[in-house]
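In what follows, a structure is listed as structure tokens, so that the remarks can point back to it.
Values in this document were obtained by computation on a predicted structure and should not be read as measured data.
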Amino acid sequence: MMCKNLFQIIVILLLVTLSGCTGKEQYKQKQLDKLQNYVYQFHLQHKVNYLDSALMVMRQIVEKFPEYKKIAPFKNAEIYYLKKDYEMALSELQNTDAETHFVGFKTIWKNKIKVKIAEKAGDSLEVRSLYKQIYDGYLSAYNEIDQRVKEMLKKQDDNEIYASWVNFLHVEMYHYRRLLTDTETILASIDSLQAATQGNERYFERLKKLFIDDNYEIFLE
């Protein structure tokens, strides 16, 4: 299933750093699967009680596996974001450790949440300023995972890239730039990225087609 939001990308990348952790692995995986299933069921049925259950499971995971404390605020923030409790989502991100990996992505999500708060307040100037900050944040954060991105883009199977978190990352990054500029500029930027990374050309053509057809919002939450 396609990753549908940046919180999931952050959690996936952080999980890589915990892959060597030991102890009660079977139970831990069962709880993580349960957590993801609650969020998935919310997307299917739009019942808030699934999100409340997800928060409870996240607390249980942290109690038994303290190494997940640095992941929990991101997951909790995702859940509060889905509940449209943007102030609580922002509070969760504020509570994350300053030394957490992928600090750039944390900043992006803070600004995405601030967009929702500014939209509720009807502050269009602040919304546009935040769009610019989000796009600039993506450019900066991109450097944090540059090697992982390049490895994915060089894969031969464009379907694998298209169904990956890297595609979501590109779609959302260019989505925010699209809110500030025109399609031609986006297409030129994608061509430049392909040339710089020497990535799979078929994948980049599919990425461009999403913006040509104005059909990229299916990848956004």
Side-chain angles (χ1 to χ4, degrees), residues 1-43 48-114 134 137-138 140-153 155 160-161 163-169 172-173 221:
M1 183 177 67
M2 172 66 64
C3 289
K4 293 250 178 175
N5 61 63
L6 186 60
F7 286 118
Q8 292 183 15
I9 291 179
I10 295 170
V11 172
I12 287 170
L13 294 172
L14 285 171
L15 282 172
V16 171
T17 70
L18 298 178
S19 59
C21 297
T22 59
K24 301 182 180 178
E25 292 296 328
Q26 196 170 28
Y27 172 80
K28 178 171 66 176
Q29 190 57 53
K30 182 179 178 181
Q31 291 299 91
L32 290 170
D33 290 344
K34 185 188 295 185
L35 173 67
Q36 288 301 105
N37 184 58
Y38 280 138
V39 175
Y40 178 65
Q41 289 301 322
F42 167 77
H43 284 295
V48 177
N49 62 297
Y50 284 115
L51 298 179
D52 294 330
S53 296
L55 286 169
M56 181 180 67
V57 172
M58 190 73 252
R59 284 195 294 271
Q60 293 171 350
I61 291 172
V62 171
E63 286 175 5
K64 290 187 176 292
F65 304 97
E67 65 269 20
Y68 280 78
K69 284 183 179 179
K70 65 183 178 182
I71 292 178
F74 289 109
K75 195 65 185 177
N76 290 339
E78 173 195 356
I79 295 167
Y80 282 119
Y81 185 87
L82 292 172
K83 292 181 72 170
K84 301 187 187 303
D85 189 341
Y86 303 121
E87 287 77 8
M88 275 299 297
L90 190 59
S91 176
E92 284 288 338
L93 288 184
Q94 301 284 19
N95 291 331
T96 56
D97 190 333
E99 299 301 318
T100 298
H101 297 292
F102 314 114
V103 173
F105 287 122
K106 173 181 169 180
T107 301
I108 292 169
W109 257 109
K110 281 184 179 180
N111 286 331
K112 286 187 66 176
I113 295 168
K114 288 177 182 178
I134 292 169
Y138 269 113
S140 176
Y142 208 81
N143 293 328
E144 296 184 44
I145 57 168
D146 181 67
Q147 190 55 43
R148 289 187 178 93
V149 172
K150 286 180 177 177
E151 288 172 0
M152 178 62 73
L153 292 177
K155 290 183 177 292
E160 182 178 357
I161 305 171
S164 75
W165 57 269
V166 169
N167 186 51
F168 165 80
L169 189 64
E172 182 149 304
M173 179 171 70
E221 70 282 345

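With a 4.5 Å cut-off on side-chain heavy atoms, Arg148 and Trp165 count as touching. In this structure, the side chains of Met58 and Glu78 stay at 4.5 Å or more apart for every pair of heavy atoms. The side-chain heavy atoms of Lys28 and Tyr68, taken from C-beta on, include a pair separated by under 4.5 Å. Between Asn76 and Met88, every side-chain heavy-atom pair lies at or beyond the 4.5 Å cut-off. Leu93 places a side-chain heavy atom less than 4.5 Å from the side chain of Phe74. Between Leu169 and Tyr138, some side-chain heavy-atom pair lies under the 4.5 Å cut-off.
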Practice problem: Show your working on side chain to side chain contact (heavy atoms under 4.5 Å, CB included) between Glu151 and Val149 and close with a plain yes or no. | Solution: CA-CA 5 Å; Glu151 288 172 0; Val149 172; over 6 Å; no
Exercise. Given side chain to side chain contact (heavy atoms under 4.5 Å, CB included), test Lys64 with Tyr27 step by step and report yes or no.
Key: CA-CA 10 Å; Lys64 290 187 176 292; Tyr27 172 80; 3.2 Å; yes
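To the nearest 0.5 angstrom, Gln31 atom CD is 6.0 Å from Ile61 atom CD1. Atom-to-atom distance recorded for Asp85:CG and Glu87:CD is 6.5 Å, nearest 0.5 angstrom. Residue Asn111 holds its CG atom at 8.5 Å from CD1 of Ile108, rounded to the nearest 0.5 Å.
The nearest pair of heavy atoms linking Ile79 to Leu55 is CG2-CG, 3.7 Å. In plain terms, the two heavy atoms of Lys75 and Leu35 that are nearest each other are CG-CD2, 3.9 Å. Between Val62 and Lys69, the closest heavy-atom pair is CG1-CG, 3.5 Å.
With sequence neighbours excluded, no residue satisfies side chain to side chain donor-acceptor pair (under 3.5 Å) with Asn49. Listed by chain and residue number, Gln45 satisfy the side chain to side chain donor-acceptor pair (under 3.5 Å) test with Tyr50 (two or more places apart in sequence, or in another chain).
Put simply, the residue from Lys114, Lys112, Glu172, Lys110 that forms a side chain to side chain contact (heavy atoms under 4.5 Å, CB included) with Ile134 is Lys112.
A distance of 6.0 Å or more separates the ring centres of Tyr86 and Tyr80.
The closest donor-acceptor contact from the side chain of Ser140 to the backbone of Gly137 lies at 3.5 Å or more, if one exists at all.
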